[in-house]
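Just so you know, ligand 1 is whichever comes first in the structure, and atom 1 is the first atom listed for that ligand. Only heavy atoms go into these numbers, but all of them, side chains included; no hydrogens, no water, no symmetry mates. Note that the structure is predicted; figures quoted are calculated from it, not measured.
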Amino acid sequence: MDDAQLLRYSRHILLDELGIEGQQALLASHALVIGAGGLGSPVALYLGSAGVGHITLVDHDTVDATNLQRQIAHNLARVGQLKAESARAAIEAINPDVRVTTVTQRADAALLNTLVAQADVVLDCTDNFATRHAINRACVAHKKPLVSGAAIRMDGQLSVFDTRQPGNPCYACVFPEDAPVEEALCATMGVFAPLVGIIGTLQATEALKLLSGLGSRITGQMLMIDGRDLAFTPIKLPQNPACTVCGQSH
Ligand SMILES: [Zn+2]
């Protein structure tokens, strides 16, 4: 770290839990963020400001006026731009040290297989089950920790799926791939603006802890967040031995 970096990250370096080693680990790490919307915005801003050395942002969508209520990495001047490019501009305005790679094609299985293999941690900031399952498959295949967040209306969920340790569940253990799903999209259901901020910020928290060596205590649990009465309820998630992604027979 040079003098400017020692100054920029001084409030991290002061932390007993993080220190200079933890900050150096962040600077040497690579985070893959899929989705640069409501969850991806605070994730991108906090990983960038905290000095994650390389951030890959995946999003094929463009900034729309209806996004600005909650997608805080974007602004009025960037309506119509690709979200990944807009979020990169937001990170670079805070911390030009961070290398940001943007991928502006749809996150399909082949793309995810390539990108997940290169990352140290993966953050699922998407809003549909098909992409969530594709991300999970790639994370299980490459044994990468997956920080998963979701928010709709006034409710949110947070979990870390880390199959590097045997016995931990994957996303498909909890939400089987063949289960009938009813897609709940913010576009049609609505979402309370700061709720995606809360969940996204918690995702960034757990990713930074994983990358700096602190580890995540939410592995094997799902934190259910009720925005109406601000209740945070952890639920234990067992591994499903019959899981079609991580189970014994697969
Ligand atoms: Zn599984």
Run Gln81 and Ser86 through side chain to side chain donor-acceptor pair (under 3.5 Å) and show every step you take. CA-CA 6 Å; Gln81 286 186 20; Ser86 171; 5.0 Å; no
The test is side chain to side chain contact (heavy atoms under 4.5 Å, CB included); show your working for Arg153 and Leu195 and say whether it passes. CA-CA 8 Å; Arg153 296 196 188 103; Leu195 187 72; over 6 Å; no
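Around the Zn ion (ligand 1), the protein N, O or S atoms found under 2.8 Å comprise Cys170 SG, Cys173 SG, Cys243 SG, Cys246 SG.
The aromatic rings of Tyr171 and Phe129 sit tilted relative to each other, their planes meeting at an angle between 30° and 60°.
A salt bridge does not link Asp108 with Arg106: none of the charged nitrogens is closer than 4.0 Å to a carboxylate oxygen.
Applying the salt bridge (Lys or Arg N to Asp or Glu O under 4.0 Å) test to Arg137 and every residue at least two apart in sequence or in another chain returns Glu177.
Criterion: ILVMFWY side-chain heavy atoms under 4.5 Å apart, direct or through other members. Under it, Tyr9 and Leu6 are part of a common hydrophobic cluster.
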